[in-house]
Amino acid sequence: MEIPLVDLRKQYAPLKDDILGRIAEILEGMRLFLGPNVQALEQEFAAFCGVPHAIGVSDGTTALQLALMACGVGAGDEVITVSHTFVATAEAIILVGATPVFVDIDPQTYTIDVGQVGERITERTRAIIPVHLYGQTADMDPLLTLAREHGLWVIEDACQAHGARYKGQRAGALGDAAAFSFYYSKNLGAYGEGGMVTTTVDEIAERVRMLRDHGSKQHYHHDLVGMNGRLDEIQAAVLRAKLQHLDAWNAARRQHAQLYGELLAHSPVVPPVEADYAESVYHLYVIRVKACPEVALLTSRRNRDGLRAYLHDKGIATGIHYPIPIHLQPAYRDLGYEKGSFPVTEEYAEQIISLPMYAELTPGSIEYVAEAIRDFGKE
Ligand SMILES: *Cc1c(COP(=O)(O)O)cnc(C)c1O
């Protein structure tokens with residue numbers, strides 16, 4: 001059996017006629033600049049998240065950058081976030097001229113350890129970016145309370161959390177603003193690049209709308225220094241076709257996660273834990289090799305990689321999201337962190353493995369993967 005990490009061809013097959021029809025219509029009409037599909041997608045995605053505003057942008061990194069710019073975060077400012085995330089979270093902070101200040105993650109949920117945020121707030125702190133990692137939201141209520149006390153913006157990195165819920169409310173509606181990515185492998189993915197900023201704050205929406213189009217409201221009149229950060233019409237049309245299926249796809253992912261969880265309960269790995277407050281959309285299904293002293297064999301990095309190699313030989317693709325924490329990356333050395341700065345982040349980076357996860361995955365494949373993992377434990 002061959003099981004990929006994601007299988008986009010399986011998703012495309014039943015959508016083919018719908019998507020090709022939409023693209024053909026655009027090419028016949030040639031309304032390519034922030035046209036009817038971008039406008040409609042913005043409304044549909046805002047309704048999906050339960051927010052008044054959604055602004056289509058070129059990608060998720062740009063969405064983060066535009067949200068920060070719209071909140072007035074720039075040179076000399078500090079933004080608190082995590083090191084255990086995709087590099088774009090920290091990159092966007094630096095791109096606007098600010099400095100990322102990292103904290104460790106919660107060992108259960110792998111999202112920001114809210115208890116560590118307070119001690120990192122200084123007079124330069126302007127914003128906090130919680131990352132809803134692997135499809136599960138961060139614990140937002142205590143974070144928002146802290147942010148309100150200190151007058152800080154909260155910008156959700158929701159790039160892995162389209163449709164995820166926190167106490168019933170969708171990601172994208174939890175902070176002051178949120179950034180989504182439509183990178184092809186995300187729960188909602190384009191066939192190129194795409195992103196979205198959502199917000200409940202009218203002024204942020206207005207500023208992002210201008211900033212994504214060179215700071216202008218009216219052609220050739222520039223009130224702000226912005227950028228070219230627009231979403232293109234063809235990607236918007238693809239995303240509209242797919243958005244109709246997102247709830248069903250997320251429900252399927254949750255079912256797959258439940259089956260994985262049951263089958264891996266007594267195995268040499270730790271399945272992900274869904275927090276009481278959360279409804280995860282399992283963008284990734286990330287297990288950890290158990291850090292259990294009796295199973296010393298399985299605690300070293302070599303054996304995490306040993307399990308990956310074992311699965312690979314059985315035709316099972318896996319990933320590591322992410323193998324090197326941002327604070328230990330060469331490009332981020334100047335921030336002044338070192339090995340040991342964030343013990344949970346560093347320990348988990350050596351233990352995590354992402355298993356195949358996509359809506360079209362079959363129960364049979366999940367059983368095959370789980371059985372291979374249990375067999376590895378017996379060897
Ligand atoms: C994908 C992702 C991004 C960046 O999105 P792009 O569309 O690739 O620019 C940012 N943050 C996180 C957590 C992501 O997973």
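Quick caveat: nothing in here was measured; it's all calculated off a predicted structure. Each ligand, and each atom within it, is numbered from 1 in the order the structure gives.
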**Complete:** Counting from 1 in the order shown, the ligand 1 atoms closer than 4.0 Å to a non-hydrogen atom of T85 are 13 (C)
**Request:** Indicate yes or no: does an N/O atom of T62 lie under 3.5 Å from an N/O atom of ligand 1?
**Result:** no
**Prompt:** Taking atom CG of D334 as the centre, does the number of heavy atoms from other residues, nucleotides or ligands within less than 6.0 Å exceed 12?
**Reply:** no
**Message:** Suppose we measure from atom 4 (C) of ligand 1 to each protein heavy atom; which comes out shortest, and what is that distance?
**Reply:** T61 OG1, 3.6 Å
**Message:** Is there a path of hydrophobic side-chain contacts, each under 4.5 Å between heavy atoms, that joins L328 and I93?
**Reply:** no
**Message:** Apply side-chain contact (heavy atoms from CB on, under 4.5 Å) to residues V82 and I326 and explain how you reach the verdict.
**Reply:** CA-CA 9 Å; V82 288; I326 301 175; over 6 Å; no
**Asked** Taking the side chain as C-beta and beyond, is there a heavy-atom pair between V281 and L246 under 4.5 Å?
**Response** no
**Request:** Between S58, G60, A88, flag the one that comes closest to atom 6 (P) of ligand 1 by a heavy atom.
**Result:** G60
**Asked** Which of these, Q160, H283, K186, has its nearest heavy atom closest to atom 2 (C) of ligand 1?
**Response** K186
**Prompt:** Does D157 approach ligand 1 within less than 4.0 angstrom via side chain, backbone, both or neither, non-hydrogen atoms only?
**Reply:** side chain
**Asked** Which residue, D202, T200, T199, forms the side chain to side chain donor-acceptor pair (under 3.5 Å) with H53?
**Response** D202
